[in-house]
Number of protein chains: 2
Amino acid sequence: MTRTSLARYPCPLARAADLVGDKWALLILRDALAGVRRFSDFKTRLGASTNILTERLNHLVEAGILHRKPVRPGVQRVEYHLSEKGMSLVHALLALWQWGERWTFEEGKSPVTVQARDTGEKLGPLQLQTVSGRPLSITDIEMVPTEAAPAITHQSYAALKAQKA
Amino acid sequence: MTRTSLARYPCPLARAADLVGDKWALLILRDALAGVRRFSDFKTRLGASTNILTERLNHLVEAGILHRKPVRPGVQRVEYHLSEKGMSLVHALLALWQWGERWTFEEGKSPVTVQARDTGEKLGPLQLQTVSGRPLSITDIEMVPTEAAPAITHQSYAALKAQKA
DNA sequence: CAGTATCCTCGCAGATACTG
DNA sequence: CAGTATCTGCGAGGATACTG
């Protein structure tokens with residue numbers, strides 16, 4: 001069998017994972033959010049070889065997360081800009097970042113590099129809330145495979161495929 | 001060269017990506033957060049083969065994200081429970097989930113499965129804030145490679161390695 | 001049920017040379 | 001500088017058989 005693609009899974013997380021659920025994509029997005037635009041800058045910062053970087057950038061462009069823009073009109077040099085879709089990954093990256101700070105370093109040993117643009121104040125943890133704005137703690141929520149959305153598993157996906165075949 | 005590990009990178013995001021930055025880990029955690037505990041349940045829901053699942057579960061256990069617990073004392077059957085470290089990945093998963101809902105489905109076509117435990121109300125978007133609690137929007141923040149933390153790149157990591165060698 | 005133990009394949013990544 | 005084009009190979013991931 002070939003490696004399974006999650007792109008057409010009925011689960012939002014699976015689909016997201018299919019697009020950005022790998023190490024290089026996450027690091028590229030980290031740098032893109034930090035303002036990196038150019039191929040060579042990504043290359044030196046990431047230390048990936050050219051072909052890898054090319055491939056990963058193209059994936060992200062195909063996914064509509066990055067856009068290629070000529071540096072100036074009529075020039076073949078391009079820059080990679082985050083689309084709105086790409087920008088809105090900031091919550092996910094930030095959550096991972098904060099988790100990494102908390103759990104993969106000794107206390108206080110982690111670099112601090114995400115801050116408010118105006119005052120430079122450090123970011124606090126992401127806050128959960130309901131659609132109506134009521135704040136929630138972690139223990140207040142649950143992930144429910146509902147009747148309306150049973151299709152979050154491979155199991156149900158397999159059933160779907162079988163139907164069509 | 002062998003495939004680069006990000007485990008010892010000085011960047012929190014890189015380290016987080018090293019532990020949970022792959023598709024299977026994300027899906028396992030999704031199910032774990034939904035209450036799945038048993039090997040066979042993971043297996044049928046994910047549709048991964050036994051060896052893959054075993055390996056991935058072991059990685060997560062080694063990383064301290066999951067714990068193996070005997071179902072009952074003196075029995076060899078085990079369950080996989082989320083540790084506190086694992087639980088606190090909920091923000092990252094949720095962010096990815098919400099991003100997937102918004103960007104990988106046609107409008108309104110996505111399953112709704114994360115909700116408040118008490119009222120069943122759907123979750124709203126994660127909120128950014130400073131450590132002092134001041135709310136922020138996406139455009140209010142920036143990722144800054146500071147002098148105190150220049151070491152978030154492969155570049156600087158390579159320099160570090162070179163020093164030691 | 002909860003995994004080990006094997007075997008196999010091909011995708012991903014690494015290195016490097018070359019082009020506009 | 002910004003890639004494309006090739007070559008190479010490790011190892012993740014897949015299938016299946018077998019064990020306590």
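Per chain, numbering begins at 1; letters A, B, ... match sequence-line order. Computed from a prediction, not measured in an experiment: that's the story for all the values here.
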By side-chain contact (heavy atoms from CB on, under 4.5 Å) - contacts of A/N51 (at least two apart):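 A/S49.
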Can you name the residues that form a side-chain contact (heavy atoms from CB on, under 4.5 Å) with A/D41, not counting sequence neighbours? A/V36, A/R38
What does B/F42 touch in the nucleic acid at a heavy-atom separation under 4.0 angstrom: a base, only the sugar-phosphate, or nothing?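 Counting heavy atoms under 4.0 Å across all strands, no contact is made by B/F42.
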Contact class for A/T54 (heavy atom, under 4.0 Å): base, sugar-phosphate, or nothing? base
List for me each residue that meets side chain to side chain donor-acceptor pair (under 3.5 Å) alongside B/S88, sequence neighbours excluded, and say none if there are none.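 Per chain and number, B/S88 pairs via side chain to side chain donor-acceptor pair (under 3.5 Å) with A/W99, A/W103.
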Rounding to a whole Å, what distance do you find between [X]:[atom1] and [N]:[atom2]?
| X | N | atom1 | atom2 | value |
| --- | --- | --- | --- | --- |
| A/K23 | D/dG11 | NZ | P | 14 Å |
| B/I52 | C/dA2 | CD1 | P | 19 Å |
| A/L46 | C/dA15 | CG | P | 14 Å |
| A/R56 | C/dG14 | CZ | P | 11 Å |
| B/D22 | C/dG11 | CG | C1' | 14 Å |
| B/L57 | C/dA2 | CG | P | 11 Å |
| B/Y80 | C/dG3 | OH | C1' | 8 Å |
| A/R37 | D/dA2 | CZ | P | 14 Å |

Between the side chains of A/R15 and A/Y9, is a donor N or O closer than 3.5 angstrom to an acceptor N or O? no
Can you tell me if the side-chain N/O atoms of [X] get under 4.0 Å from OP1 or OP2 in [N]?
| X | N | answer |
| --- | --- | --- |
| B/R68 | C/dG3 | yes |
| A/R38 | D/dG3 | no |
| A/W24 | C/dG11 | no |
| B/R77 | C/dA2 | yes |

For residues 58-65 of chain A, tabulate all N or O donor-acceptor pairs below 3.5 Å that involve a side-chain atom, not counting sequence neighbours.
residue	atom	partner	partner atom	Å
A/N58	ND2	A/T54	O	3.3
A/H59	ND1	A/R56	NH2	3.3

Closest to the [X] side chain: [options]?
| X | options | answer |
| --- | --- | --- |
| B/V78 | D/dA2, C/dG3, D/dG14 | C/dG3 |
| A/R3 | D/dG13, C/dG3, C/dA2 | D/dG13 |
| A/S40 | D/dC1, D/dG13, D/dG3 | D/dC1 |

Pairwise salt bridge (Lys or Arg N to Asp or Glu O under 4.0 Å) hits with a residue in [range], at least two apart:
| range | value |
| --- | --- |
| residues 86-97 of chain B | none |
| residues 77-87 of chain A | none |
| residues 123-139 of chain B | A/D118-B/R134, A/E121-B/R134 |

In terms of side-chain geometry, is the basic nitrogen of A/R117 or B/D140 positioned less than 4.0 Å from the acidic oxygen of its partner? no
What stems, by residue range, does DNA chain D take part in, given at least 3 consecutive Watson-Crick or G-U pairs under 3.5 Å? C:1-20 with D:1-20
For nucleotides 16-20 of chain D, print each protein N/O atom paired with a nucleotide N/O atom at under 3.5 Å, atom names and distance only.
residue	atom	partner	partner atom	Å
D/dT16	O4	B/T50	OG1	3.2

Would you indicate whether the side-chain heavy atoms of B/K69 and B/H81 approach each other to under 4.5 Å?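 Yes, side chains in contact.
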